[in-house]
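In what follows, a single structure is set out as structure tokens and then discussed.
Each chain gets a letter, A, B and so on, in the order its sequence line appears, and its residues count up from 1.
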Amino acid sequence: MTDLTDLYKQVILDHNKNPRNFGRMKKADKVIEGFNPLCGDKITLYVCLKKNTLSKISFIGTGCAISIASSSLMTEKVLGMKIDESILFFNKIHKMLTSNDPINDDLGKLNSLAGVREYPTRIKCASLAWHALNQTLTSKDKVISTE
Amino acid sequence: MNSSSQTRKDFPILERNINNKPLVYLDNAASTQRPLSVINAVSNYEMNYHSNVHRGVHKLSELSTNAFESSRNKIKNYINAESEREIIFTRGATESINIVASSFGQSFKSGDEIMVSQMEHHSNIVPWQNICKKNNLKLIMIPISKDGEIILDEFAKLLNSNTKLVAITHVSNALGTINPIKKMIHQAHEKGAVVIIDGAQAMSHMKIDVTELDCDFYAMSGHKMFAPTGIGALYGKEKLLDGMPPYQFGGEMILSVNFKETIYNELPYKFEAGTPNISGVIGLGAAIDYLNNLNFDDIKKYELNLLNYLSEKLLQISGLKIIGKPKNRSGVISFMFDNIHAHDIGTIVDKEGVAIRTGHHCAQPIMDFYEVSATARASIAHYNTKNDIDVLIEALNKVKEIFS
């Protein structure tokens with residue numbers, strides 16, 4: 001068995017304690033809720049899009065350390081990315097969390113989430129925010145406004 | 001009482017390791033473990049006399065029918081019901097409640113009221129919500145106090161001549177509160193209301209006497225009283241069950257069928273359509289035998305002692321809060337840290353071999369009431385020991401260390 005510190009890496013503990021881009025956004029182009037009914041983890045993502053780029057992103061929510069840290073790391077990573085690019089990136093993260101393939105080096109800090117592979121019950125915690133974002137970006141629904 | 005060593009030997013699973021540490025099983029409110037006698041009864045049936053019950057003329061069918069019906073008799077005697085006709089086998093407490101809601105509930109008319117307490121498990125809320133929507137009934141919530149007890153004055157005030165049914169849990173699965181159901185049943189009856197008790201959490205901790213309680217229905221879950229999953233029972237007063245339409249239709253629940261008309265079978269078979277969970281029923285019968293050999297006066301004392309020890313030790317951990325403070329508590333303590341989510345607690349203590357439950361415990365209205373999204377819950381059975389609690393406490397200190 002792996003050690004607990006593989007799951008609760010310093011990066012995770014840090015992003016849980018001080019989540020980045022945490023807060024409500026008043027004028028977001030898209031607002032999406034991610035909910036894990038199993039454990040009650042709930043996050044709301046706010047996204048602004050400019051020329052197919054994620055120009056602003058923030059989130060609020062409650063959840064375990066893994067889900068908060070993953071949301072925080074995600075907002076940091078995808079800020080400024082093209083939509084296509086972030087969808088491709090979602091696929092990489094999804095693969096990293098759910099497969100046993102060797103971990104790709106180009107994921108940077110996000111590699112710290114790979115520890116959940118050893119904890120099948122926690123994979124959903126790590127992927128919640130990513131699924132929420134991916135769903136918004138790939139859906140053809142009209143833009144949801146907070147106004 | 002020296003419960004631990006001999007009792008623990010009855011439960012083979014308690015011998016195993018989890019993550020290279022001895023298992024500390026404190027998730028009994030979710031499901032209790034099975035004693036060897038239950039495992040053997042099920043396996044003996046599967047190996048030696050499996051066959052469909054009722055109507056078969058061959059030997060195997062006679063054997064399985066006898067074992068099946070003797071389980072019904074055991075339950076009837078154990079809970080002190082008047083007749084086997086009052087014991088319906090179900091999939092569990094959830095199905096037991098659903099039978100009453102969808103069958104007995106058909107007699108309710110627009111404007112009638114159903115009362116449900118704020119501390120119910122979803123299984124004793126949603127079926128009522130559904131029948132209320134369908135038939136335009138009012139669903140009334142009986143409020144609880146911050147200590148986690150039903151506010152009896154409010155209950156008395158809410159009861160009125162429109163109250164047709166009161167649904168309350170005997171023991172709360174999230175708070176451990178033992179509700180004063182005998183008194184509440186009496187009060188409800190005075191207004192002409194029928195009472196259903198969700199007994200899922202009570203059966204493994206105390207002796208139940210439905211005649212003394214005078215409840216109209218009592219729902220039981222096998223796997224929360226040392227029997228297998230997928231089996232449970234509904235007790236109902238015969239005169240009520242008699243007047244109720246069937247819940248499901250098919251084989252077993254009929255006396256005669258032709259294309260003009262079907263005549264339904266008598267109680268309890270009217271409510272047991274289809275081939276039943278025979279091995280489950282036999283396991284449940286063996287669990288009742290096991291319960292019959294326990295001394296619940298001793299067990300109550302032993303468990304209360306353990307719970308007090310647990311609560312004392314938990315409160316010594318700084319930053320830890322216990323949810324609810326009922327005067328009468330059984331089996332369960334929910335707790336949380338301000339800054340550490342319950343799921344992180346669950347994962348870390350699991351590493352130490354400790355099984356506890358984390359989340360909303362299928363009782364979201366309680367979580368809303370306490371304004372929390374999730375709690376950690378330790379729930380005990382008579383086979384737990386002070387050592388189990390010491391291991392949990394040590395593991396919780398590790399949780400604090402990691403998140404310090």
Side-chain angles (χ1 to χ4, degrees), chain A residues 1-19 22 33-45 59-73 97 112-132, chain B residues 16-23 27 30 121-122 126 174 319 323 334 336-377 394-404:
Chain A
M1 286 301 289
T2 52
D3 198 67
L4 267 173
T5 49
D6 287 341
L7 180 64
Y8 293 107
K9 291 204 168 72
Q10 271 314 314
V11 181
I12 305 260
L13 292 172
D14 171 45
H15 275 257
N16 174 50
K17 222 173 189 174
N18 307 298
F22 192 86
E33 289 208 340
F35 182 53
N36 183 349
L38 216 69
C39 44
D41 288 352
K42 203 177 202 173
I43 63 146
T44 308
L45 273 179
F59 79 104
I60 57 168
T62 52
C64 63
I66 308 295
S67 72
I68 295 296
S70 177
S71 309
S72 168
L73 285 160
L97 295 175
S112 59
L113 289 169
V116 299
R117 283 174 163 201
E118 300 293 326
Y119 299 83
T121 55
R122 306 300 300 276
I123 289 170
K124 278 190 177 159
C125 308
S127 61
L128 177 65
W130 296 90
H131 276 293
Chain B
R16 70 161 291 177
N17 284 355
I18 297 287
N19 294 328
N20 299 319
K21 308 273 169 68
L23 165 66
D27 195 17
H121 186 280
H122 295 161
V126 186
I323 309 293
S334 275
M336 58 185 295
F337 289 105
D338 273 338
N339 304 316
I340 310 172
H341 192 275
H343 282 101
D344 297 315
I345 301 176
T347 294
I348 297 168
V349 303
D350 177 60
K351 272 283 184 190
E352 303 299 315
V354 181
I356 58 169
R357 188 132 298 241
T358 56
H360 52 56
H361 317 299
C362 291
Q364 283 177 11
I366 299 189
M367 300 293 123
D368 292 344
F369 175 70
Y370 286 104
E371 293 176 343
V372 298
S373 61
T375 73
R377 178 186 74 184
E394 215 169 287
L396 288 173
N397 282 320
K398 283 213 172 112
V399 174
K400 281 202 69 183
E401 235 168 71
I402 289 177
F403 280 89
S404 64

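Using modelled atom types, one side-chain atom of Ser70(A) and one backbone atom of Ala126(A) make a donor-acceptor pair closer than 3.5 Å. With Arg122(A) contributing its side chain and Gly115(A) its backbone, the two residues share no donor-acceptor pair below 3.5 Å.
Atom-to-atom distance recorded for Lys9(A):NZ and Asp14(A):CG is 14.5 Å, nearest 0.5 angstrom. The distance from the NZ atom of Lys21(B) to the CD atom of Glu352(B) is 3.5 Å, given to the nearest 0.5 Å.
Heavy-atom distances place no part of Lys42(A) under 4.5 Å from chain B, backbone and side chain included. Heavy atoms of Ile68(A) lying under 4.5 Å from chain B are absent altogether.
Leu73(A) has its side chain out of reach of Trp130(A): every pair of non-hydrogen atoms, C-beta onward, lies at least 4.5 Å apart. When side chains are defined from C-beta on, Ser112(A) does not count as touching His15(A), because their heavy atoms never get closer than 4.5 Å. With a 4.5 Å cut-off on side-chain heavy atoms, Ile66(A) and Leu7(A) count as touching. Between Leu128(A) and Ser71(A), every side-chain heavy-atom pair lies at or beyond the 4.5 Å cut-off.
Residues of residues 361-376 of chain B that come within less than 4.5 angstrom of chain A, heavy atom to heavy atom, are Ser373(B), Ala374(B) in numerical order. Along residues 396-404 of chain B, the residues that come nearer than 4.5 angstrom to chain A, judged on non-hydrogen atoms, are Ile402(B), Phe403(B), Ser404(B) in order of number.
In this structure, Phe22(A) and Phe59(A) have perpendicular ring planes: the angle between them is above 60°, well past the 30° mark.
Listed here is the closest heavy atom pair of Leu45(A) and Ala132(A): CD1-CB, 3.9 Å.
With His360(B) as the fixed residue, the ring-ring contact (aromatic ring centres under 6.0 Å, His included) test singles out one of His122(B), His121(B), His343(B): His122(B).
For the options Thr358(B), Asp350(B), Thr347(B), Ile340(B), heavy-atom pairs under 4.5 Å to chain A are most numerous at Thr347(B).
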